[in-house]
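Computed over heavy atoms, backbone and side chain alike; hydrogens, waters and symmetry mates excluded. The chains referred to below are lettered A, B, ... by the order of the sequence lines, with proteins before strands, and numbering in each begins at 1.
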There are 2 protein chains.
Amino acid sequence: MGCKIEEFKQEQKRRVRAVQDSMDVLNGKWKIAIVTSICCYGKRRFADILNDIEVFSNRMLSKELKELEINHLVKRTVLDTQPIMVQYELTQHGNTLQTIISNLTDWGIAHRKAIFNQ
Amino acid sequence: MGCKIEEFKQEQKRRVRAVQDSMDVLNGKWKIAIVTSICCYGKRRFADILNDIEVFSNRMLSKELKELEINHLVKRTVLDTQPIMVQYELTQHGNTLQTIISNLTDWGIAHRKAIFNQ
DNA sequence: CTGAATCCAGATGGATACTG
DNA sequence: CAGTATCCATCTGGATTCAG
């Protein structure tokens, strides 16, 4: 019996860890906006993304893009132009983010309603 | 035409904001673990939650619970015992978190696979 | 154009001690 | 038991400047 409870706790831990993984990927003030920007246009350059999102710095964009790349969600391509341009697009795996973002959007809308209408 | 693009951009902004709302609610290292703990048992006391989650302080638990309460996700009940005990449970709205957490769990598991198996 | 480097203020969160 | 208060180290992220 105690063993079952232990198994249950382990399973819970695994699940909490999985959610944390998702949150880690999506965290950072700007990640979702960045993904949305890239996703809208299919391919998007550094300066374009910077323009799509108001009030944020290239330092942050650089950092967040790097994290997205490490997580294999975004593919980075250097274009052979002068000066150099860099193009970002979602990987196949990155595209699966759309579902989760859509879920979060729906919940966010419902949440706002629940808070202000009750 | 320019107008349609403007509308599109506005809609995008609304959607990004909705996701951010969700993220705000779920953010903080411990919120998901707390919700999971309460959700597992239906009702849960302060000290119990503190015990369910390893390595974190009552200061944080207090803070996160307060935020969850402000967002109407958790209901706080003071029990008339000596010494006082406090019980936390999910509200009806709080229960809708289960779906979103489940989605995030699934994506987290898939993400881990995608990163390590490719 | 695409970043990296530096500086710096403010937020975050752990440890500890204390209160009703 | 259920928090609150304080101290303090670390992290975060904006502004600005510089480089390939």
Under 4.0 Å between a side-chain N/O of B:Y88 and OP1 or OP2 of D:dC1, yes or no?
no
Between B:L104 and A:D21, is any pair of side-chain heavy atoms under 4.5 Å apart?
no
Return the value, rounded to whole Å, for the distance between atom CD of B:Q87 and atom C1' of D:dA2.
14 Å
Heavy-atom side-chain contact between A:F46 and A:N58 under 4.5 Å
yes
Separation of D:dC11 P from A:D24 CG (nearest whole Å):
15 Å
Using a strict 4.0 Å threshold on nitrogen-to-oxygen distance, state whether A:E11 and A:R14 make a salt bridge.
yes
For atom CG of B:L61 and atom P of D:dG3, their distance in whole Å:
8 Å
Flag the pair B:T96 / B:I100 as yes when at least one side-chain heavy-atom distance between them is below 4.5 Å, and no otherwise.
no
Is the centre of the A:H93 ring less than 6.0 Å from the centre of the B:H111 ring?
yes
List, by chain and then residue number, the residues other than B:M85 in its hydrophobic cluster (Ile/Leu/Val/Met/Phe/Trp/Tyr, side-chain heavy atoms under 4.5 Å); write none if there are no others.
B:L79
Which residues pass the side-chain hydrogen bond (donor to acceptor under 3.5 Å, both in side chains) test with A:E54, sequence neighbours left out?
B:K13
Take nucleotides 8-20 of chain C nucleotide by nucleotide from the 5' end and write B, S or -, depending on whether a protein heavy atom sits under 4.0 Å from the base, only from the sugar-phosphate, or from neither.
-----BBB-----
Please state whether the phosphate of D:dT4, meaning OP1 or OP2, lies under 4.0 angstrom from any side-chain nitrogen or oxygen of B:S62.
yes
Rounded off to whole Å, could you give me the CD-to-P distance for the A:Q82 and C:dT2 pair?
12 Å
Quick one: are B:W30 and B:L61 in side-chain contact, heavy atoms under 4.5 Å?
no
Any B:L65 side-chain heavy atom under 4.5 Å of B:R76 side chain:
no
So, is A:R45 near the phosphate of C:dG3, with a side-chain N or O under 4.0 Å from OP1 or OP2?
no
Would you please name every residue forming a side chain to side chain contact (heavy atoms under 4.5 Å, CB included) with A:E89, sequence neighbours left out?
A:K43, A:K75, A:T77
Output the rounded distance in Å from CD1 (A:I34) to P (C:dG3).
12 Å
Take the C1' atoms of the five end pairs on each side of the helix from C:dC1-D:dG20 to C:dG20-D:dC1, get both axes, and report the angle to 10 degrees.
40°
Starting at CZ of B:F46 and ending at P of D:dG3, how long is that distance when rounded to a whole Å?
5 Å
Quick check on contacts: within residues 47-54 of chain A, what sits under 4.0 Å from DNA chain D by heavy-atom distance?
none
Roughly how many Å is it from CG in A:N27 to C1' in D:dC11, rounded to a whole number?
14 Å
Can you measure A:L65 atom CG to C:dT2 atom C1' for me and round it to whole angstrom units?
11 Å
Under a 4.5 Å cut-off applied to non-hydrogen side-chain atoms, are A:T91 and A:N95 in contact?
no
